[in-house]
Engineer: 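Starting off with a structure, shown below.
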Amino acid sequence: MGNDLEKVLLSESEINARLDQLAAAIDADYKGRDLLLVGVLKGAIMVMADLSRRLHTPVQMDWMAVSSYGSGTKSSGVVRILKDLEADLHGRNVLIVEDIVDSGLTLSWLLGNLRSRGAASVEVATLLRKPEAAKVNVDVRYVGFDIPAEFVVGYGLDYAENYRTLPFIGTLAPHVYEGRGA
Ligand code: 5GP
């Protein structure tokens, strides 16, 4: 796997340090309030596990899986629910936990969908955000890192279902995309 990686963009210790800060900010904002974390499968599993364990605020967890229709690697904003939430959102404070916001189209759809279910509040925490995300008006309250417009893997993020278990975020060597490494 070592040869497949081009560079490490964010090390495990950088991710951990930033998660400490995000958790402190979330604790401060939700002090004394009920909070439901909604993880978006599959990419958000690592950030969900590590962020939630840093919180002192008592939380519940639920999961959603969506697929975004688009051409190639670009998302179109047309989203299909593959797995829906089990929780009733009525009156709840909801925090969507995302791995990465790229175009922001998926998240924008998700925000609208969850808000329409009667939640008291719906906010977003994402570990990573790419520059394109700024083009759509999607309000992301907690951002771990703004990163360049490069395809990244690791820490929950995959390429063809591989690399999710890497403890850091990195970019892939071009030969992987050319079909020799993945
Ligand atoms: P968008 O914000 O464009 O609607 O789509 C976001 C989704 O595209 C993410 O949840 C993730 O599944 C996928 N995605 C976007 N950028 C990357 C990336 O750099 N690496 C990986 N592995 N997935 C990405």
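Order of appearance sets the numbers: ligands from 1, and atoms from 1 within every ligand.
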Engineer: Is there at least one pair of N or O atoms, one from Tyr159 and one from ligand 1, spaced under 3.5 Å apart?
Structural biologist: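 Looking only at distances, the answer is no, because the N/O contact criterion of under 3.5 Å is not met.
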Engineer: Which of these, Ile96, Thr126, Leu111, sits in a side chain to side chain contact (heavy atoms under 4.5 Å, CB included) with Val140?
Structural biologist: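 When Ile96, Thr126, Leu111 are each tested with Val140, the side chain to side chain contact (heavy atoms under 4.5 Å, CB included) holds only for Thr126.
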Engineer: Quick one: which ligand 1 atoms are inside 4.0 Å of a heavy atom on Leu157?
Structural biologist: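 So the answer, numbered in order with elements, is 21 (C), 22 (N), 23 (N).
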Engineer: As an exercise, identify every atom of ligand 1 less than 4.0 angstrom from a heavy atom of Lys130.
Structural biologist: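 Matching atoms, with element in brackets: 16 (N), 17 (C), 18 (C), 19 (O).
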Engineer: Is ligand 1 under 4.0 Å from a heavy atom in the side chain of Glu150, in the backbone, in both, or in neither?
Structural biologist: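 The answer is the backbone.
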Engineer: If the contact criterion is a heavy-atom separation under 4.0 Å, does Val153 count as touching ligand 1?
Structural biologist: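 Per 4.0 Å heavy-atom rule, Val153 does not contact ligand 1.
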Engineer: State the atoms of ligand 1, each with its element, that fall below the 4.0 Å cut-off from a heavy-atom position in Val152.
Structural biologist: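 So the answer, numbered in order with elements, is 18 (C), 19 (O), 20 (N), 21 (C), 22 (N).
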Engineer: Taking heavy atoms and a distance under 4.0 Å, where does Leu107 meet ligand 1: side chain, backbone, both or neither?
Structural biologist: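 Contact part for Leu107 vs ligand 1: neither.
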Engineer: For Thr106, take its heavy atoms, then give the atoms of ligand 1 lying under 4.0 Å from any of them.
Structural biologist: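 So the atoms of ligand 1 that pass are 1 (P), 4 (O), 5 (O).
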Engineer: Does the side chain of Glu6 come under 3.5 Å of the side chain of Thr171 through a donor N or O and an acceptor N or O?
Structural biologist: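 Side chains of Glu6 and Thr171: pair found under 3.5 Å.
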Engineer: Begin with the C-alpha distance, continue with both residues' side-chain angles, and end with the deciding distance and a verdict on salt bridge (charged side-chain N to carboxylate O under 4.0 Å, His left out) for Asp84 and Arg117.
Structural biologist: CA-CA 12 Å; Asp84 206 348; Arg117 302 187 195 194; 2.9 Å; yes
Engineer: Are any of the N/O atoms in Gly104 less than 3.5 Å from those in ligand 1?
Structural biologist: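 Yes, Gly104 has an N/O under 3.5 Å of an N/O on ligand 1.
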Engineer: Would Phe168 and Glu14 count as a side-chain contact (heavy atoms from CB on, under 4.5 Å) if you check the C-alpha gap in whole Å, the side-chain angles of each, and the deciding distance to 0.1 Å?
Structural biologist: CA-CA 9 Å; Phe168 53 83; Glu14 286 173 305; over 6 Å; no
Engineer: Could you list the atoms of ligand 1 found under 4.0 angstrom from a heavy atom of Asp158?
Structural biologist: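 Listed by number with element, the hits are 21 (C), 22 (N).
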Engineer: Any nitrogen or oxygen of Phe151, side chain or backbone, less than 3.5 Å from one on ligand 1?
Structural biologist: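 N/O-N/O distance below 3.5 Å does not exist for this pair.
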Engineer: State the atoms of ligand 1, each with its element, that fall below the 4.0 Å cut-off from a heavy-atom position in Ser103.
Structural biologist: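 Within the 4.0 Å cut-off of Ser103, ligand 1 contributes 1 (P), 2 (O), 3 (O), 4 (O).
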Engineer: Check the angle between the aromatic planes of Tyr159 and Phe151 and answer parallel, tilted or perpendicular using the 30° and 60° thresholds.
Structural biologist: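 Tyr159 and Phe151: perpendicular rings.
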Engineer: Quick check: is Ile81 connected to Leu107 through a chain of hydrophobic side chains (ILVMFWY, heavy atoms under 4.5 Å apart)?
Structural biologist: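 Yes; Ile81 is reachable from Leu107 via cluster members.
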Engineer: Ion pair present between Lys42 and Glu161, side-chain N to carboxylate O less than 4.0 angstrom?
Structural biologist: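 Salt bridge flag = yes for Glu161 with Lys42.
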Engineer: In ligand 1, which numbered atoms sit nearer than 4.0 Å to a non-hydrogen atom of Asp99?
Structural biologist: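 Checking each atom against Asp99, I get 10 (O).
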Engineer: Side-chain donor-acceptor pair under 3.5 Å between Tyr163 and Asp4, yes or no?
Structural biologist: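 Yes, side-chain donor-acceptor contact under 3.5 Å.
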